[in-house]
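Okay, so here's the structure we're looking at.
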Amino acid sequence: MNTHPILQFLNEAQQNAVTCDAPALLVLAGAGSGKTRVLVHRMAWLISECGLSPHALLAVTFTNKAAHEMRGRIEDLLGRPAGAMWVGTFHGLAHRLLRAHARDAGLDENFQILDSDDQLRIVKRVVREMGLDENEWQPKQAQWFISARKDDGQRPQDIKHNGDLFTATMTSIYSHYEQACRQSSLVDFAELLLRAYELLRDNEHLRTHYQNRFRHVLVDEFQDTNAIQYRWIKLISGNTSAITIVGDDDQSIYGWRGAKIENIHRFQQEYNDSETIRLEQNYRSTSTILQAANAVIANNNDRLGKNLWTSGDQGEPISLYAAFNEQEEARFIASRIQDYVNQGNNYRECAILYRSNAQSRVLEEALLQRGMPYRIYGGLRFFERAEIKDTLAYCRLIANRDDDAAFERVVNTPTRGLGQKSIEVVRDIARNHKITLWQAASKVVEENLLPARARNGLMTFQELVANMESETGEADLHELIDFVIEASGLLEMYLKEKGEKGLARKENLQELVSAAREFDIDQYLYDTELEAEEAGLPESADGESGLPVMEDEMPPLVAFLSHASLEAGEAQAEKYEDSVQLMTLHSAKGLEFPVVFLTGLEEKLFPHQMSMDDIDGLAEERRLCYVGITRAMKKLYLLHAEKRRLWGKETYPSISRFVREIPSSLIEEVRLNAQVSQPMFGTSSLMDSDQGPEGFQLGQMVEHPKFGHGVILNFEGSGPQARIQINFESVGPKTLVLAYAKLEPVMA
DNA sequence: GTCATAGTAATTTTT
DNA sequence: TTACTATGAC
């Protein structure tokens, strides 16, 4: 056992991962195996033992939370600030690159970032301006199309539609949308990544610079990377930098968002000198819980393979409860939590997880009824609130009059007599002259193209924005925002809202001012830190190559606006109160709780209807289930309802296949009168493997005499009753009685 | 410009 | 069922 301080308290696999000197390292880290710890310790190791400067490290994560945590922990470990180290999210780092080299990236210095809300507005406008029917060509769908293509690295000209009307139209919308963004100097989230990639790809000078600078690139949650992120990582690390990726193929749950689980396989192929280290010892859960998780995930194909184990106790059995309906499910949970808390524990140790947000209401009601405190994750975040976005829209116009998204948002907020008609006139002018809305508005005013009232409204608006700028020329950021809130009339408008709402909005606006004040200070501290670090590093290539360092001259307002888009803030406050935690399975990833309730374990709900028809969707649902199970430390409850109201209709769902994939020996069924017994559901349906009755396997390709080829999705029952669900290429999913189905396996 | 009503669609979410 | 959008009446 190595006793180096950095390696203390790490197990052997963790130590190997920290000290590995292969040029490319893949760490397959199971749930609860100390993934972040390894990453942080490896960075500390590289700095203190391998002599790398913090300047030469690049660490990438997906969420701001993870990035902050990583930076904090590495600074703790090193005992000093690591300002010069690039630690951030893909989007944050891409943004940083684009700010530093805006010109080379073909962007305006003052470009701003669109969040998905703003993006949708622009897409909507584009669709309308193209004269397309919004019902036939839904903006939401177009937005999705554009993002998906960008995530895949495709520009409109790269897309081949082969006469396909859908693709052709969508591509055309994409193209028009791009133009609109360019005109307004706006960049959406996917664009940040794509643009940053293209910047390095097309600019050899910059590429070489960054490849030389970053001697070691580390990526967290690698299973969540999309195509363009992978390519960006490859490009920036070049052929000479070392690379460490950490991930877990079994926890890939964002395939629907463009994440490519195959990137892990690709990495192994493309870096043929790579080494793979598995972290399989789990420090979180009881062995019962781990066995259940392992059994479920074993039903997936194409895994890299990994078996979690623990040296800990077997712990309590998993409780399975069949509720009458969703209300009863909720009441049961509430009463169990009550019992748990009465034994001297805290609410915050309990988490209720569900597949879709719609399920949360009934759960909330049950908790409310008992007066139990709870907190829901997800929902509107601070910078997404209407009042905040309105205020920031004014700020964006101060920084850049050509920001059409901001213009549209507040040109008539608060109302100043500009209805749809008037705005339509402005839009027309803008489109016909290929100018921005602000420029078009000026033209409308000058040439008197609108009735007096509307014309006055436009003039007032333009003067208002101009005044805001001149009045606050020398002011600090928070003073500017304070001024905008007042002068725009937004405060007055919101205070008129009835009930508590107006007051809450006012508080949020005040909160925005304090956020701006803190941002001023942070920004100042960060800059000085950075300079100090850079100055102390003579080997830095920045000076001699004439490349700008970072954030050299970003105006505070532009910096703050970017910050607001990139870090939407916490979803809900009051996080210090002891409360039950409610969230979707997706948002539970990365968290852990002593007691976990997995709700709605029913076919069509979990696995969800929309993911049931193909084997990939099903595999992702199963991974989601794996994530859910592995959140639990001590006690896991599985719940399903026999009757559930779904969209106003009563349904009688059957128990989720995932429950049946857990060995029955790990489960005890909770009966209504609180007695406990062994599981009762059909002895044979509780199968401990993915083996079908006749040796067929889930995901296997089979041939049916009538329906042709299809993939096996599920088995139900056994004996003469046994049925099998297959997704046929010709007719889609079908459930057949196995005994009559005359299936033949098909060799791949 | 605001309010009421009808119609529609309905995972998962971060940046 | 609900929640959101679009439309039409005042």
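Protein chains get the first letters and strands the later ones, always in sequence-line order, with residue 1 at the start of each. What you are looking at is a predicted structure, and each value in this text was computed from that prediction instead of being measured.
Note that A/R409 lies outside the cation-pi zone of A/Y394, set by a 6.0 Å cut-off to the ring centre and a 45° limit from the axis. Geometric assessment of A/R375 against the ring of A/Y377 yields a positive cation-pi assignment under the 6.0 Å and 45° thresholds.
Straight-line distance from the CG atom of A/N325 to the P atom of C/dT1: 16 Å, rounded to whole Å.
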Take nucleotides 4-10 of chain C nucleotide by nucleotide from the 5' end and write B, S or -, depending on whether a protein heavy atom sits under 4.0 Å from the base, only from the sugar-phosphate, or from neither.
-------

Quick one: what's the B/S/- string for nucleotides 9-15 of chain B, heavy-atom cutoff under 4.0 Å, read 5' to 3'?
-BBBBBB

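Using a distance-only test at 3.5 Å, with no hydrogens or angles considered, a donor-acceptor pair links the side chain of A/N299 to the main chain of A/V296. Remark: side-chain polar atoms of A/T225 are paired, donor with acceptor, to backbone N or O of A/F222 under 3.5 angstrom.
For the atom pair OG1 of A/T599 and OH of A/Y354, the computed distance is 8.5 Å after rounding to the nearest 0.5 Å.
Contact annotation: A/R361 does not reach the phosphate of C/dT1 (side-chain N/O to OP1 or OP2, under 4.0 Å).
Between B/dT11 and C/dA6, the two C1' atoms lie 25 Å apart (nearest whole Å). One C1' atom belongs to B/dT12, the other to C/dT5, and the distance between them is 23 Å to the nearest Å.
If you check every strand for non-hydrogen atoms under 4.0 Å, A/L418 touches sugar and phosphate atoms only. A/D188 comes within contact range of no nucleotide atom at all, as no heavy-atom separation falls under 4.0 Å.
Centroid-to-centroid, the aromatic rings of A/H640 and A/F606 stay 6.0 Å apart or farther.
The pair A/D220-A/K35 meets the salt-bridge criterion, with a side-chain N (NZ, NE, NH1 or NH2) lying under 4.0 Å from an Asp/Glu carboxylate O.
B/dT11 shows a glycosidic angle within 90° of 0 and is accordingly assigned syn.
Relative ring orientation between A/Y210 and A/H101 is described as perpendicular, the plane-to-plane angle rising above 60° on a 0-90° scale split at 30° and 60°.
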